[in-house]
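Here is the structure we will look at.
We're numbering straight along the sequence, starting at 1. Atoms within a ligand are numbered from 1 in the order they appear, just like the ligands themselves.
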Amino acid sequence: MKYRVTLIQGDGIGPEVTRATCRVLAAAGAPIEWEDAPGGAAAVAQYGSPMPQETLDSIQRNRLGLKGPLETPKGRGFRSANVTLRQELNLFCGYRPVRSLPGVHTPYQGVDLVVLRENTEDLYAGIEHEIGRGTIMSLKVSTAAAGERIARWAFEHMRNRGRRHITCCHKAQVVPLADGAFVDAFYEIGAGYPFIGKADLPVDNLAFQLAQDPNQFDTLLLQNLYGDILSDLAAGLVGGLGVAPGANIGDRIAVFEAVHGTAPDIAGQGKANPLSVLLSALLMLEYVGEAKIVQRVERAIFDVLEQGRYRTGDLGGTATTDQFTDAIIDKL
Ligand code: NAI
């Protein structure tokens, strides 16, 4: 049986890193049939939208998607393609595991952190008004239902993975109603999981503590905006945006994605690091239960990183995307 997966190559370095990922998965014998779908700036000219309905339909049909980074044209009245995708398909959980990788040297060792982000509400609900000349109001939306839903997902995930402690991060001292409701939902749902340790922490304190010692945390739960910012910080702890995978998960659909953007400064130069998309694709294979293929590909990636001969520029090397990809395929 083959998994049919919607593939959005994306903009900028997107086509380079998704092509590399497809090559590695093919070499590993992953049973995947790709269905190409448009998205981002590349889709605007043809479909009039950076997230065309055709693409949403394709993901809804296949229930699985892999995407490269998308550019939303600025100042042309488009809603962010990524936000549209997450909201339209109700992909309420932003899942970003952050791990130290062998051979990737950073000031921190042994980081193994999961950042979970509520993906559908908060300031990203996209409700903004100009209430008077020069006065803008942007609404932060927080419902108990969404707080409970992501908290339940978090605790279930931790139980299945044997993770032991979760910290809910907020700014409830300044935004007592919206953030307070999120923290309340966390403790309410968490009461059903007495064997998992729980704490809450102001998000600014979290930023400071992550920089000091990320190993004191196991799993983090955040609302949309804080999660967006802090998950990039977390990626920086283990080598940067080029090596951190991500997923947007709903009840029946999941879309796996690079956490980085389109990297316009290096697009088309063949030097992007494909690991963020490749590791995201491995999250997808893990999600569908293909653990053996995941282990094989991970071993090949780790061997290449450890040997250090082929590394892309963001990891201090000089290898091109293709050379790095070929080295992984050779290991396989
Ligand atoms: P960016 O992530 O594209 O780039 C930040 C820095 O990281 C740049 O120096 C870039 O060269 C480097 N970088 C990123 N990915 C890399 C990789 N795989 N290998 C090597 N170096 C890498 O962030 P930026 O510049 O803020 O955003 C550029 C565009 O991407 C914007 O249009 C933004 O809206 C979009 N974007 C899309 C995202 C998505 O589709 N999920 C996420 C973030 C930004």
query: Angle class for the Tyr193/Phe195 ring planes (parallel below 30°, perpendicular above 60°, tilted otherwise)?
result: perpendicular
Residue shell for ligand 1, any heavy atom closer than 4.0 Å, reads Ile13, Lys67, Pro69, Leu70, Glu71, Asn82, Leu241, Gly242, Glu257, Val259, His260, Gly261, Thr262, Ala263, Pro264, Asp265, Ile266, Ala272, Asn273, Asp314
- Task: State whether a side-chain donor-acceptor pair under 3.5 Å links Thr320 with Asp322.
- Result: no
Is it the case that the side chains of Glu121 and Gln223 hold a donor-acceptor pair, with the cut-off being a distance below 3.5 Å and no angle test? no
**Message:** Salt bridge or not between Arg86 and Glu257? Use side-chain N to carboxylate O under 4.0 Å.
**Reply:** yes
Flag, side chain of Thr312 to backbone of Ala272, donor-acceptor distance under 3.5 Å:
no
- For the residue pair Phe186 and Phe155, does the interplanar ring angle fall in the parallel (under 30°), tilted (30 to 60°) or perpendicular (over 60°) class? parallel
